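Here the structure is a predicted model, which means the values were calculated and not measured. In this chain, numbering begins with 1 at the start of the sequence shown.
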Amino acid sequence: MYQSPSSVPDAVTEAPAPQGLGQIAVIANTASGTNAMDSAAIDRAIDILGRDQARLYYWSPKDSPETVVRKALLDGAQTIVAAGGDGTAMAIAGAALGQACTFGALPLGTFNYFARGLGLPEEPDAAARAMLDCTPHDIRVGTVNGRVFLNNASLGIYPSVLKRRETVYRRWGRHRIMAHWSVIQTFLRFQRPMRLTLYADGQTIERRTPLLFVSRSAFQLERFGLKGGDVISHDGFAVLIGRGDTRLDLFRTAFRLVSQTAEPGRDYEFLPVRSLDVHTERPRGLIAYDGEKARQVAPFRFRMSTQRLTVLLPPEAAREGAA
């Protein structure tokens, strides 16, 4: 079932059906798109999309994604395809937001929630073939302090997991089992919950929590059996405030997430919001978005984008989104 970041009629506007994808810029992350396996997958994808239409560009996370997207558009690209994981898709989508182009994702990452949420296959060759039949749809995306995110942004234990994951990946490689191992290691190091003050749609809320999770992915929520998919569909944020004070609480909640048995009230508090300001005890905090992390100055302000991102949807996903 189609589970895009925004998937109902009042959040998605169908554009006129394109005559093909036009000129295509495939933008690969130099941090991942230059290894042999990803390079081969990108090469096959370009063959599928058409050598006469598709051109490969490289982007480094050290550089601004706007620079490479701007160059691709000046070169005549009408479709921008981010080749990588959720972090790469997030960065390139942020640069493509509001631009006169369509946006697609070639899944090469660990989880690929955004591409899967759009209804694209997780296998790169199949995803490239699916793009040939896609139609463009406009969606709004989430932002935190002006930075675009596609799936989720969070404070607390999850950014710490990502920090630990980098160390694990460097030693053992980028594998899902290693991602899960980094969760275990982080939980074992857990000390105490955060103290947060939330201003949610004009309401003030004080909470002590190990995790604040702000979602814009109905697909991801459904995958873990969590509440909030209908909020996503109506251009809102599904805010989940984790409950628990100890390491045992974290492991118990993690097991319930994996087994899709987590319940609102018992394991987390659910808030449907349109806008959210988060104040932390410290003036700066580590925040995670779409598998990436950064230290930013508080408060953290969550807003929906005013501009639209035109995404490529497979025919079945497009029909369900318009239903």
Side-chain angles (χ1 to χ4, degrees), residues 21 23-69 71-72 75 77 79-96 101-132 134 148-151 162-182 217 219-220 288-293 311-312 314:
L21 301 180
Q23 293 299 307
I24 305 166
V26 178
I27 302 178
N29 187 336
T30 56
S32 58
T34 54
N35 66 63
M37 184 177 297
D38 285 353
S39 293
I42 292 170
D43 196 55
R44 292 193 304 273
I46 289 177
D47 280 336
I48 293 167
L49 295 171
R51 290 282 171 182
D52 293 337
Q53 289 180 282
R55 177 177 175 182
L56 178 61
Y57 296 77
Y58 284 105
W59 164 71
S60 169
K62 298 178 182 179
D63 301 324
S64 168
E66 283 80 9
T67 301
V68 67
V69 169
K71 175 171 173 46
D75 289 343
T79 297
I80 302 292
V81 174
D86 286 317
T88 300
M90 172 190 69
I92 304 303
C101 63
T102 53
F103 176 77
L106 185 71
L108 297 173
T110 305
F111 295 105
N112 304 304
Y113 284 121
F114 181 69
R116 292 158 65 193
L118 293 178
L120 291 169
E122 195 171 5
E123 200 278 322
D125 291 14
R129 291 190 188 92
M131 285 185 210
L132 297 175
C134 282
V148 164
F149 66 94
L150 301 175
N151 300 307
L162 295 182
K163 187 176 181 180
R164 182 60 188 167
R165 184 190 295 179
E166 288 182 355
T167 302
V168 173
Y169 277 175
R170 282 195 296 269
R171 182 172 183 181
W172 302 105
R174 300 177 67 87
H175 306 289
R176 287 189 184 180
I177 188 65
M178 291 298 102
H180 299 321
W181 173 236
S182 66
S217 171
F219 172 84
Q220 193 175 37
Y289 17 54
D290 292 346
E292 304 296 324
K293 61 176 176 37
V311 297
L312 291 171

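Heavy atoms only, all atoms of each residue included: Glu122 and Thr110 are closest at OE2-O, 4.2 Å. Scanning both residues, Gln220 and Asn151, for their nearest heavy atoms gives OE1-CB, 4.0 Å. Of all the heavy atoms in Ala25 and Tyr57, the pair that sits closest is CB-CE1, 3.6 Å. Pro124 and Leu108 make their closest contact through CG-CD2, 3.6 Å (heavy atoms, listed as atom of the first residue, atom of the second, distance). Residues Val311 and Phe114 come closest through the heavy atom pair CG1-CZ, 4.2 Å.
Every side-chain contact (heavy atoms from CB on, under 4.5 Å) that Ala95 has, sequence neighbours left out, goes to Pro65, Glu66, Val69. A search for salt bridge (Lys or Arg N to Asp or Glu O under 4.0 Å) contacts involving Asp63 returns nothing, not counting sequence neighbours. Partners of Ala288 under the side-chain contact (heavy atoms from CB on, under 4.5 Å) rule, at least two apart in sequence or in another chain, are Ser154, Tyr158, Pro159, Leu162. Under the side chain to side chain donor-acceptor pair (under 3.5 Å) criterion, Tyr289 pairs with Arg147, Gln296, sequence neighbours left out. Annotation: side-chain contact (heavy atoms from CB on, under 4.5 Å) contacts of Pro121 (sequence neighbours excluded): Ala126, Ala127, Ala130. Take Arg129 and apply the salt bridge (Lys or Arg N to Asp or Glu O under 4.0 Å) test, not counting sequence neighbours, and it matches no residue.
Side-chain contact check for Thr67 versus Lys71: every heavy-atom pair is 4.5 Å or farther apart. Between Arg55 and Ile24 there is no side-chain heavy-atom pair separated by less than 4.5 Å. You'll find the side chain of Leu132 reaches within 4.5 Å of the side chain of Leu49, heavy atoms only. Thr102 is not listed as a side-chain neighbour of Ile80, based on a closest heavy-atom distance of 4.5 Å or more. Contact of the Thr30 side chain with the Trp59 side chain is not registered, since no non-hydrogen atoms from C-beta on lie closer than 4.5 Å. With a 4.5 Å cut-off on side-chain heavy atoms, Leu120 and Cys134 count as touching. Residues Leu312 and Leu118 form no side-chain contact, since every pair of their non-hydrogen atoms from C-beta on lies 4.5 Å or further apart. Taking the side chain as every heavy atom from C-beta outward, Phe103 and Ile92 approach each other to under 4.5 Å.
A donor-acceptor pair under 3.5 Å links the side-chain atoms of Asp290 to the main chain of Leu150, judged by distance alone.
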Given side chain to side chain contact (heavy atoms under 4.5 Å, CB included), test Ile27 with Val81 step by step and report yes or no.
CA-CA 6 Å; Ile27 302 178; Val81 174; over 6 Å; no
Side chain to side chain contact (heavy atoms under 4.5 Å, CB included), that's the test. Do Thr79 and Gln23 meet it? Break it down for me.
CA-CA 6 Å; Thr79 297; Gln23 293 299 307; over 6 Å; no
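How far OG1 of Thr88 is from CD of Glu292: 7.0 Å, rounded to the nearest 0.5 Å. Distance check: Leu106 CG to Asn112 CG gives 9.0 Å after rounding to the nearest 0.5 Å. The distance from the CG atom of Leu21 to the CE atom of Met131 is 8.5 Å, given to the nearest 0.5 Å.
The pair Asp86-Arg116 fails the salt-bridge criterion, with no side-chain N (NZ, NE, NH1 or NH2) lying under 4.0 Å from an Asp/Glu carboxylate O.
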